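Okay, structure first, notes after.
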Amino acid sequence: MRHLSEGVDRFQREVFPAKAGLFAHLAATHQPGTLFIGCSDARVVPELITQTEPGELFVIRTAGNLVPAHSPGADAVAAGIEYAVAVLGVRDIVICGHSGCGAMTALAEGHDLTGTPAIADWLRHADASRARTTAPAAGEDPVAALVRQNVAAQLANLATHPSVARALAADDVRLHGWVFDISTGTVDELDTAARPVLAA
Ligand SMILES: [Zn+2]
């Protein structure tokens, strides 16, 4: 914990003064251009990957970068999406999966999750991801295949949220699917044709 306190000290001493103008502006302004939905994984840091400044990304991080499809009832992810899209008016939404994802590994390898019922329940939001991951081709890593299909499936779930559906219909928002590779630092963008297309 001590290194966190030391980090705060260093932030206040060195980083904040260099960005004082930006923070003065941000103190009264919240206009992020992008909603970034990523995994909670400690190795996937949205602002680092995208080299963005405070104020640019509205971030939601969930285990497995899962986005539950719209349903009635209180839902922190749904509230965050609605706030970013309907209130803040973000123009782009990125769902970012990543290599070595613990959630996708558990599903792809069929880990026993009976001792972690909350995780097991949460990962049901990846049922469609598993369903659309056909048998990987020879040499293809089944976890990597599921990671990619999961991003596509979560983009489809995202589009079920009324605020997103409304913004898509008005052409006010664009959806993007990314996969970040931890070992190389590369980001693959899924074919935009893989994004959900609303029925005409
Ligand atoms: Zn992950």
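One-based numbering, in listed order, for ligands and for the atoms of each. Every value quoted in this text rests on a predicted model; they were computed, and no experiment measured them.
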Heavy-atom side-chain contact between Lys19 and Glu53 under 4.5 Å: yes

Can you tell whether the side chains of [X] and [Y] come within less than 4.0 Å, N to carboxylate O?
X: Asp188; Y: Arg148; value: yes
X: Arg124; Y: Asp121; value: no
X: Arg2; Y: Glu6; value: yes

Any idea how many protein N, O or S atoms are nearer than 2.8 Å to the Zn ion (ligand 1)?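 Every protein N, O or S atom under 2.8 Å from the Zn ion (ligand 1) counted, the figure is 3.
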
Is there a donor-acceptor pair closer than 3.5 Å between any side-chain N or O of Thr186 and the backbone N or O of Asp181? no

Centroid-centroid distance, Phe23 to Phe16, less than 6.0 Å: yes

